Protein chains: 2
Amino acid sequence: MSSTERLQRYLADERGGCGDEEVSQRLAELEEIDAAAGGPALDQDVGLLSALANETRYKIVRILHVAGEELCVCEFAPLLDVSDSAISHALSQLTDAGLITRRKEGKWRKYRATARANAVLIALDGSRELRL
Amino acid sequence: MSSTERLQRYLADERGGCGDEEVSQRLAELEEIDAAAGGPALDQDVGLLSALANETRYKIVRILHVAGEELCVCEFAPLLDVSDSAISHALSQLTDAGLITRRKEGKWRKYRATARANAVLIALDGSRELRL
DNA sequence: CATTCAATTGAACAATTATTCAATCATACT
DNA sequence: AGTATGATTGAATAATTGTTCAATTGAATG
């Protein structure tokens with residue numbers, strides 16, 4: 001049983017009409033939705049979300065977001081309960097994903113949340129109460 | 001070497017002052033940042049982000065978002081190149097995370113993106129061009 | 001009530017990921 | 001030059017995740 005057959009049965013069931021044109025029209029609409037949904041930005045978005053989808057990394061971005069300024073690694077490392085090495089790996093992934101930026105200052109390294117990171121966190125904060 | 005010692009050296013290096021009060025004041029500020037960053041919503045947020053951090057699941061939410069209405073599983077399944085079983089697992093995770101809702105209609109199942117899902121996708125769309 | 005079909009569930013396995021340890025790089029200080 | 005320190009890197013391993021297959025549920029239909 002092909003997937004278009006199932007769709008055909010669904011449309012017949014749902015709308016009474018079971019003509020071939022109705023099926024192919026809905027198929028065309030769905031193709032359009034698919035095209036709009038699956039742009040080239042999809043991989044980049046999934047990359048960003050994967051970078052945020054971890055407690056250590058999310059907390060780093062949160063801290064930098066709340067701080068509102070660049071922070072030295074040595075300032076936020078004590079707030080995280082993993083090794084320095086793990087923190088460094090996390091910072092590297094977050095930088096690659098475009099969520100934070102790095103600046104050198106002597107032997108210290110300072111990180112700051114990007115506008116993109118702030119936008120996502122603000123959206124999360126603003127939608128947390130929504131029930132639907 | 002404790003982490004507060006490193007912070008102490010950093011503050012001495014950065015600001016000249018190396019008094020104990022300056023260190024403990026900065027520590028207090030950082031604790032406050034930590035408290036603001038690590039609320040109880042953190043786990044929920046990471047859960048939501050983990051649910052979105054996968055191509056199949058992200059694409060489902062994108063499709064439902066673009067569609068702007070509820071869709072039958074049989075309508076969007078053909079747009080995804082994984083098994084029906086994988087789709088069902090994905091739908092279950094997305095529902096748990098609060099990104100989609102489910103409604104039964106006869107033997108069909110219809111899903112819709114939640115307001116929270118829409119908010120996050122809009123933030124991603126709106127911030128994609130930002131360079132910093 | 002037996003059958004068909006849409007969708008879901010659970011078990012299994014492959015693939016990916018998160019963390020740590022050890023070593024290294026880079027900068028400053030003596 | 002030699003040493004100390006902040007941070008990063010790579011390799012190894014444990015833990016988690018994503019998908020499929022097989023079996024099941026629940027609703028409609030003959």
Side-chain angles (χ1 to χ4, degrees), chain A residues 1-14 16 18 43 46-47 49-60 70-78 80-97 100-111, chain B residues 1-14 16 18 43 46-47 49-60 70-78 80-97 100-111:
Chain A
M1 135 199 33
S2 99
S3 54
T4 48
E5 290 175 24
R6 178 167 54 157
L7 179 59
Q8 186 164 5
R9 279 190 293 272
Y10 170 66
L11 291 175
D13 214 37
E14 193 73 354
C18 55
D43 284 350
V46 173
L49 293 162
S50 299
L52 274 182
N54 165 267
E55 186 176 334
T56 298
R57 294 192 298 266
Y58 184 70
K59 201 169 174 193
I60 289 173
E70 63 181 6
L71 291 183
C72 175
V73 175
C74 66
E75 291 184 288
F76 59 82
L80 304 164
D81 45 8
V82 292
S83 69
D84 280 0
S85 176
I87 292 174
S88 198
H89 282 296
L91 291 168
S92 170
Q93 292 175 79
L94 290 170
T95 303
D96 289 348
I100 60 175
T101 57
R102 194 177 78 146
R103 193 171 71 83
K104 299 185 186 185
E105 185 167 309
K107 60 178 169 181
W108 311 96
R109 297 291 180 278
K110 299 189 166 188
Y111 287 87
Chain B
M1 138 202 26
S2 99
S3 53
T4 49
E5 290 175 22
R6 177 167 56 156
L7 178 59
Q8 186 164 7
R9 279 191 292 274
Y10 169 67
L11 291 175
D13 214 37
E14 193 73 353
C18 54
D43 284 350
V46 172
L49 292 162
S50 299
L52 274 182
N54 166 266
E55 185 176 334
T56 298
R57 293 192 299 265
Y58 183 70
K59 202 169 173 194
I60 289 173
E70 62 181 6
L71 291 183
C72 175
V73 174
C74 65
E75 292 184 289
F76 59 82
L80 303 165
D81 46 7
V82 293
S83 68
D84 279 0
S85 176
I87 292 173
S88 198
H89 282 296
L91 291 168
S92 169
Q93 290 174 80
L94 290 170
T95 303
D96 289 348
I100 61 176
T101 58
R102 194 178 78 147
R103 192 171 73 83
K104 299 185 186 185
E105 185 167 310
K107 58 179 171 180
W108 311 97
R109 297 290 181 279
K110 299 189 166 189
Y111 287 87

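Below, each value reflects all heavy atoms present in this structure, side chains not excepted, and no hydrogens, waters or symmetry copies. Owing to the predicted nature of the structure, the values given are computational and were not obtained by experimental measurement. Here is how names work: the chains are called A, B, and so on, in the same order as the sequence lines, proteins then strands, and each is numbered from 1.
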Taking only side-chain nitrogens and oxygens of [X], does any of them come within less than 4.0 Å of OP1 or OP2 of [N]?
X	N	result
B:Tyr111	C:dT8	yes
B:Arg102	C:dA7	no
A:Arg6	C:dA7	yes
B:Arg57	D:dG18	yes
B:Ser85	D:dA22	no
B:Arg9	C:dA28	no
B:Ser83	D:dT20	yes

Can you identify which nucleotide, out of [options], has its nearest atom closest to the [X] side chain?
X	options	value
A:Ala86	D:dT20, D:dT8, C:dT19	C:dT19
A:Cys74	C:dC29, D:dA7, D:dT19	D:dA7
A:Ser88	D:dT9, C:dT8, D:dG6	D:dT9

Using a 4.0 Å heavy-atom cut-off, does A:Ile87 contact any base of the nucleic acid, only the sugar-phosphate backbone, or nothing at all? nothing
Give one of base, sugar-phosphate or nothing for A:Ser50, where a contact means two heavy atoms less than 4.0 Å apart. nothing
Do A:His89 and C:dT20 have a side chain to base donor-acceptor pair shorter than 3.5 Å? yes
Donor-acceptor pair under 3.5 Å: do we get one between A:Ser92's side chain and the base of D:dT8? no
Would you mind checking if B:Arg6 and A:Glu75 are paired as a salt bridge, meaning a charged N to carboxylate O distance below 4.0 Å? no
Heavy-atom pair with the smallest gap, counting every atom of A:Glu55 and B:Asp43: OE1-OD1, 4.3 Å
Shortest non-hydrogen contact from B:Leu52 to B:Tyr58? O-CB, 3.4 Å
For atom [atom1] of [X] and atom [atom2] of [N], their distance in whole Å:
X	N	atom1	atom2	answer
B:Leu91	D:dT19	CG	P	12 Å
B:Asp81	D:dT19	CG	C1'	12 Å
A:Arg103	C:dA26	CZ	C1'	17 Å
A:Tyr10	D:dA27	OH	P	17 Å
A:Leu52	C:dT17	CG	C1'	16 Å

Does any non-hydrogen side-chain atom of B:Arg57 lie less than 4.5 Å from one of B:Gln93? yes
Upstream residue (5' side of DNA chain C) when A:Asn54 and A:Leu7 are each assigned their closest nucleotide: A:Leu7
Assign each of A:Ala90 and A:Gly106 to its nearest nucleotide of DNA chain C by heavy atoms, then name whichever residue's nucleotide is nearer the 5' end. A:Ala90
Could you check B:Tyr111 against B:Leu94 for side chain to side chain contact (heavy atoms under 4.5 Å, CB included), going step by step and ending with a plain yes or no? CA-CA 10 Å; B:Tyr111 287 87; B:Leu94 290 170; over 6 Å; no
